[in-house]
Each structure stands twice: as C-alpha cells, then as structure tokens.
Amino acid sequence: MNACTVWSSKTRGISFFHSLLSSYNGSQNAKWPLAIFRQLLNANENPDDLTFALLIKAFASSFSSDAYSSAVTELQVSQVQTQLVRRGINQFVYVNTALLDFYMKLGLTTNARQLFEDMPCRDVVSWNALICGYSRNDYGNVALGLFVQMLREGFRPDHATIVGLAPACGRFELILQGRSLHGFGIKAGLGFDGQLKNALSSMYAKCENLEASELLFEEMSERNLVSWNSMIGAYGQNGFLEKATICFKEMLNGGLRPSPVTMMSLLSANAAPESIHCYIIKCGMTNHASVVTSLVCLYTRQGLTHMAELLYKHLPTNNLISLTAIMSSYAEKGDMKSVVEYFIQTQQLDLKLDAVALLSVLHGIINPAHFAVGRAFHAYGLKNGLTTDGLVTNGLISLYSKFDEIEAVSCLFLEMSYKPLITWNSVISGCVHAGKSSEALDFFCQMKKSGQKPDAITISSLLCGCSQLGYLRTGQTLHNYVIRNNVEMEDFTGTALIDMYTKCGRLDYAEKVFDSIIDPCLATWNSIISGYTSYGVEHKAFSGYNELQNQGLQPDKITFLGVLSACTHGGLLCEGTEYFRIMMEEYGLMPDLQHYACMVGLLGRAGLFHEAVEFINNMKIQPDSAVWISLLSACSIHQEIKLGECLANKLFFMDQRNGGFYVLMSNLYAIVGRWDDVARVRDMMRDSGGDGCSGVSCIEVTSIEDLNNNLGTNGVYLNTDTMHY
DNA sequence: AGTTCTGTTC
C-alpha cells in the first residue's frame with residue numbers, strides 16, 4: 001500500500017477507509033493515519049464511531065517519542081477530539097476511552113482527566129484506562145486514590161484494574177497497598193491468570209519480598225516471555241546475579257527466545273557487561289536503542305566509562321539516559337570538566353536535563369573550585385522547572401551544605417511545601433557536616449514539632465553533631481530514644497553512639513554500647529578502636545584490630561589510622577612500622593596524609609630525625625602542613641632547635657591559616673630557655689591575627705528533666721539553649 | 001472497537 005492508493009480512492013465507501021486504518025501497524029510513516037483521515041473527509045464520507053476508534057488506535061500505534069515531537073502530536077490529537085465532539089461521537093464510551101488512553105500514553109494526564117470528567121457515561125474499562133494511565137505516568141498515589149473512588153461509586157474492579165495498579169505499588173515500594181490489592185483480587189474471586197501473577201510477582205520483587213514473587217512464579221501453569229523477564233529482573237534487582245543467570249538459562253532451555261527486555265533485565269542484574277554485549281550482537285539487537293542504552297549504563301556502573309563512551313557514539317539515537325549515565329560516572333569521580341563537556345553536548349542536541357540527570361551532576365560537585373558550576377546548575381534547574389522535584393531540592397541542600405552555605409540551605413528548605421523525612425535528614429546532616437551542629441539540633445526540634453519521626457539516619461547525624469559539640473547529655477537523650485523506639489541499632493547508629501561517647505569523655509559507655517552490638521560492622525570496629533586510641537589504651541586498640549579480622553572483616557584505611565595513631569601515642573616504633581608495612585603490602589592500601597603524619601610523628605618521637613626527613617622525601621604524595629607539624633612537635637620534645645626553626649620557616653610560608661606552629665615554636669624556645677625568642681614568636685602570632693584557629697569551648701546547658709519528661713510522651717524534645725565562650 | 005504485566009540514568 002502507498003499514498004497513491006489513498007489518493008485515488010474517491011468512491012470506495014467508508015469501509016475502505018476503515019480497512020486502510022486497521023491495516024496500519026505503526027511501522028509505516030507516522031503521518032499516515034491522519035492523512036487517511038483527511039482523505040476520508042475530502043471524499044465526503046461521514047466518519048462514525050468505528051472510524052474514530054480505528055483512527056485513534058492507528059494514531060496511537062504510530063506514536064513513539066522519536067517519530068513525533070509530543071507538542072505536534074498533542075495538537076493533532078486535540079483536532080481529532082474536536083471532530084469527535086462536533087460529530088457527536090463522544091457519546092460512545094469506548095471511543096472516549098480509546099482517546100483517554102492515548103492521552104495517557106502521551107503523558108498528558110491533565111487532558112485525559114478532563115476528558116474523563118466530561119464523559120457522559122463511564123464503565124469499568126474507562127476507569128481502568130484512567131487508573132492505569134496515572135499508574136504508568138508515575139502518579140501512583142493518584143491511581144490508588146481513584147481505585148478507592150471507583151469502589152465508592154459502585155464499579156467492580158476487574159483483572160485489568162489490579163494488573164494496572166500493581167506496578168504503581170512496586171515503583172513506590174508500597175508493600176501494604178500491594179498486598180491489599182492482592183487480597184482484594186482473591187476476595188473478589190478474580191481468576192489469577194499468568195498476566196495477573198506476573199504483575200503481582202514483580203510488584204513483590206520491587207518491594208523486596210522475593211519469596212512472594214518466587215511463589216507466584218512457581219505456581220504459574222504457563223510462563224510466558226513476560227513471566228521469565230519479570231523473574232530475571234526480580235533476581236537482578238535484589239542482587240542475585242547467579243539466580244538471574246540460572247533463570248535465563250532455564251528460559252532458553254524451555255525454547256523461548258529472549259527479547260530486548262530479557263537482555264535489559266540481565267544487564268540491570270549487573271552481569272558481566274562483555275558477555276551480555278556479545279549475546280546482544282549475536283541476537284542482532286545492536287540497533288535497539290534501549291538495549292544499547294542499558295549496556296552503556298552497565299559499563300558506566302562498573303567504572304568502564306571509556307567503553308560506555310565508545311558505545312554511545314554508535315548509538316542509533318541520541319538519548320538523555322545514556323548521557324546521564326556517562327555524566328554521572330564522571331561526576332562520581334569529581335571530574336566536572338568532562339561532565340560539563342557532556343552537558344554542552346546535551347544542549348547541542350536540544351536535550352533537556354531531567355531531575356535524575358541534574359541530580360547526578362550535583363552529586364559530582366565535591367571540590368570547592370566547582371561550587372560556582374554547582375550554582376550554575378542550580379540556575380539551570382530553576383529555569384527548567386526541575387527544582388519542584390523533591391529529590392533535586394535534596395541534592396541542592398546537600399550541595400550547599402557541603403560548602404557550609406547554611407543560609408542557602410535554610411532558604412531552600414523553607415520553600416519546600418512538603419518535607420519528607422529525607423529532606424529533614426539532608427538539612428540536619430548538612431548542618432552537622434558544615435560544623436553547625438547547634439543549627440542541626442534546632443532543625444531537629446522543628447522536625448519533632450511538625451510531627452515527623454526521626455529514623456536511624458537522623459539520629460546518627462545528630463549524634464555526630466553531639467560529638468562535635470561535646471553534648472553528652474543530648475547524646476544520651478538520643479541514645480534513650482534509640483532504645484525506646486527500636487531504632488535500628490546496628491551499623492550507623494551504633495557507630496555514631498560509640499563515637500559520641502568516646503568524644504564526650506565516656507569510654508566506658510562506648511564500650512557498653514559496643515558490647516551490646518551482636519555483629520559489629522567495620523565502621524563500628526573502627527570507632528571503638530579510635531576511641532581506645534584517643535584514651536591511650538593501646539593494647540585494646542590492637543586487640544580490636546586482631547578481633548575484627550577473626551570475625552572475617554578486612555581492616556581499611558581508617559582501621560590503620562586508628563592503630564597507627566595508637567602507636568604514635570605510645571611511642572611504639574616497631575609496631576607502627578609493621579602496621580604501616582601490612583597496610584601497604586598485605587592490603588594494598590595507599591597511605592593518606594594522615595597515615596604519613598602518624599609515621600613521621602612516630603619516627604620523630606623516637607629521635608630519628610634523619611629517618612623522618614628521608615621518609616617525608618620519599619612520600620608518594622605531596623606532604624601537607626600536618627605532616628611537617630608532627631615533625632616540629634617531635635622537635636620540641638627532643639629540643640631539636642635547629643631543625644625546628646627550619647621547619648617553622650617552611651610552615652610559615654606553607655600554611656598561613658594554621659597557627660599551630662607558633663605555639664610549638666614558642667614551646668620549643670621556652671624549653672631551652674630562649675625567652676627572647678619566645679616573646680618574638682608570640683609577637684608574630686599576635687601580628688598575624690591570633691593563631692588562626694582559636695579554640696572554642698562550650699558548655700551544654702539542658703534541662704535533663706525536661707528531656708526525659710518529653711521522651712515518655714512525644715518522644716524527644718531538645719532544649720538547645722547553650723552558652724558559648 | 002476501548003483498559004492490563006517485563007527493561008535503561010539517581
């Protein structure tokens with residue numbers, strides 16, 4: 001069939017046009033359905049309900065985001081709707097439903113809703129189209145609300161209603177609603193066929209209830225391609241690559257041919273990208289944009305950015321998802337230069353970043369030098385309406401708090417109408433991160449007043465704030481809250497508690513908390529080890545190091561920092577040197593500046609100045625002022641004036657802000673009785689505007705009775721009246 | 001003649 005046939009069809013009657021429309025399968029020119037319709041009007045034929053039903057179906061099947069810009073399509077659909085109303089066809093429920101569904105497929109939920117409201121009568125299918133449409137367009141809550149409304153108005157939901165709603169429950173991890181839906185289906189006596197079981201099975205998988213989803217899969221009498229794909233996806237999403245692979249092989253043994261979705265499910269399971277890549281080539285799917293996109297994503301996820309870029313260059317269509325994946329992998333490395341290069345590419349391709357893309361860019365801004373770029377992206381988000389997205393706002397809050405811009409954080413926060421828990425958490429942890437823990441506690445009080453309940457993340461951030469401020473009582477109150485409300489104790493909370501107690505002077509409490517944790521993770525071990533170190537209980541720090549390895553854990557850089565500083569404190573040269581060797585040779589961990597500083601201090605305290613200097617000269621990274629200061633500190637112990645003066649000179653030019661060396665130098669001169677020099681250094685210190693990092697003391701003034709009274713009733717209330725000196 | 005299940009970027 002071609003255009004000429006249409007043009008020469010003047011006297012063939014309406015049924016001819018109907019057969020033309022129904023033979024359209026979507027792979028031909030997307031403009032044809034409308035061209036046929038115009039031709040029909042030119043031939044003075046009277047379109048009836050069937051004509052419109054066929055036209056909408058053909059139109060819908062021609063639709064794909066690549067073929068049509070949705071703005072053009074929207075205009076054309078509304079023209080069709082006008083015709084439909086003018087000819088009185090809108091009395092037919094099924095035609096309206098077809099149109100409603102098409103609006104939903106275009107993502108035009110408002111048009112679809114208006115049409116639904118205007119419909120003279122509705123049936124179960126129109127309700128289904130509306131509900132499933134909202135569900136597909138990520139309005140899960142609206143879809144669920146309409147389900148209830150549908151019941152109230154006396155309609156009986158069927159098969160399709162449940163099948164359409166299940167994915168919404170899955171996407172938002174609404175396990176309770178999902179299970180109710182399942183229960184509703186059973187009570188309503190709906191037959192559970194393969195399609196319904198597929199929908200429920202993947203809903204359970206997304207809600208992390210893999211057992212339920214396996215059960216449904218196993219009791220299926222016939223498994224179609226979608227069933228297998230869902231199960232492969234279910235295993236993949238829950239981190240069972242092995243099972244996903246076995247499932248894939250079983251599917252092949254059953255004689256089914258994998259579809260593009262099969263490949264994408266395997267890719268999302270984090271399979272080896274190379275082998276799936278081969279399979280994709282063998283199956284001839286290299287031109288399938290979504291498959292290649294998934295492959296790009298997998299390569300980036302595994303850090304093989306270069307492969308992803310190569311693949312992207314050969315992608316049949318430019319797409320935002322691939323670009324987002326590549327940008328985010330650069331962002332993860334903090335390589336903003338490459339991120340911006342790719343951003344420019346998106347602009348040249350006339351692609352607009354979406355919330356996910358913007359969020360991944362924001363994640364990459366760690367370096368203060370890139371802060372201005374971050375603000376530019378904030379502006380981009382504002383201009384493109386992305387800042388209404390809660391996730392983006394959270395991303396911005398973390399961005400500004402990373403650079404201690406608490407005022408900006410407060411502004412962003414106040415502008416949010418709905419504040420979910422994650423937002424409160426972002427703000428609180430942001431303040432703590434910026435060293436403004438009192439503000440964090442203020443926000444926490446507001447949070448309690450607004451009725452929001454804290455979770456383990458909130459509590460951990462606040463505990464970290466208490467450690468910074470030395471607020472033992474507040475920390476204890478939070479500890480009480482953890483116990484009374486069964487906040488998940490292990491890992492984060494436990495670690496934060498131990499850290500708080502050690503930093504607030506109660507090693508004994510820290511030990512009690514540690515002993516109560518059944519299976520401490522590495523971070524928890526690290527915090528108790530560092531605790532022992534700072535209290536000078538070296539032998540316990542070392543036995544912690546041994547014990548964690550007996551539990552099958554591997555020490556990391558922080559563990560080694562703990563034991564190394566224990567050695568420095570205790571002047572244990574041999575042990576320190578050995579730990580340093582083990583760290584590098586047995587665990588392949590590159591020392592950071594702090595590890596180097598420990599070793600320099602250790603050598604210095606042992607009086608091995610020559611070795612210490614040589615050690616610094618052989619460092620793999622540029623030594624910072626802390627490394628030199630730890631040597632200078634050793635000089636004052638050993639009264640090593642000459643080297644000390646030399647170091648002070650060096651430090652003076654290196655790090656103006658760090659005034660610690662003035663103090664060290666003056667101590668050094670004092671020890672050997674060079675009082676003139678002491679006075680000279682003190683003058684220099686005054687001239688440079690203090691020592692640059694004056695200490696601040698603060699006393700916690702909280703009424704413990706108040707706190708406890710409130711604990712019993714509304715949970716925690718914190719009085720953060722504090723006095724700063 | 002209208003509705004429904006599986007997949008990609010955080």
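Sequence lines set the chain letters: A, B, ... in the order given, protein chains first and strands last, and positions in each chain run from 1. As the structure is a prediction and not an experimental result, all values here were calculated from the model.
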Side chain of [X]: nearest nucleotide among [options]?
X	options	answer
His159(A)	dG2(B), dT4(B), dC10(B)	dT4(B)
Ser265(A)	dG7(B), dT9(B), dT3(B)	dG7(B)
Asp101(A)	dC5(B), dT3(B), dT9(B)	dT3(B)
Ser268(A)	dT6(B), dT8(B), dT4(B)	dT8(B)
Val356(A)	dT4(B), dC5(B), dC10(B)	dC10(B)
Ala98(A)	dG2(B), dG7(B), dC10(B)	dG2(B)
Cys132(A)	dG7(B), dT4(B), dG2(B)	dT4(B)
Val125(A)	dG2(B), dG7(B), dA1(B)	dG2(B)
Ser126(A)	dC5(B), dT9(B), dG2(B)	dG2(B)
Thr324(A)	dT9(B), dA1(B), dT4(B)	dT9(B)

Whole angstrom value for the distance that separates [atom2] of [N] from [atom1] of [X]:
X	N	atom1	atom2	value
Arg223(A)	dT6(B)	CZ	C1'	15 Å
Leu396(A)	dC10(B)	CG	P	18 Å
Arg301(A)	dG7(B)	CZ	C1'	11 Å
Ile397(A)	dC10(B)	CD1	P	21 Å
Leu165(A)	dT3(B)	CG	C1'	12 Å
Asn128(A)	dC5(B)	CG	P	11 Å
Asn96(A)	dT3(B)	CG	C1'	14 Å
Leu320(A)	dT8(B)	CG	P	16 Å

inquiry  = Check this for me: does any side-chain nitrogen of one of Asp101(A) and Lys105(A) sit under 4.0 Å from a carboxylate oxygen of the other?
reply    =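 A salt bridge is present here (some side-chain N lies under 4.0 Å from a carboxylate O).
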ask   = Should Asp118(A) and Arg113(A) count as an ion pair when the cut-off is N to O under 4.0 Å?
value = no
Does [X] reach a base, just sugar-phosphate, or nothing at all? Heavy atoms under 4.0 Å.
X	value
Ser230(A)	sugar-phosphate
Pro260(A)	nothing
Val93(A)	base
Asp123(A)	base

key: Row check, Tyr380(A) ring normal vs Lys383(A) NZ/CZ: under 6.0 Å, within 45°   = no
query = Hey, does the Lys NZ or Arg CZ of Lys419(A) hover above the aromatic six-ring of Phe413(A), less than 6.0 Å from the centre and inside 45° of the axis?
reply = yes
Compare side-chain N and O positions of [X] against OP1 and OP2 of [N] and report whether any pair is under 4.0 Å apart.
X	N	value
Lys206(A)	dG7(B)	yes
Ser328(A)	dC10(B)	yes
Gln237(A)	dG7(B)	yes

request  = Please check if the distance between the ring centroids of Trp127(A) and Phe147(A) is under 6.0 Å.
outcome  = no
key: Polar contact flag, side-chain donor to acceptor under 3.5 angstrom, Asp354(A)-Asn384(A)   =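 No donor-acceptor contact under 3.5 Å links the two side chains.
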query = Is there a donor N/O on one and an acceptor N/O on the other, under 3.5 Å, for the side chain of Ser290(A) and the base of dG7(B)?
reply = yes
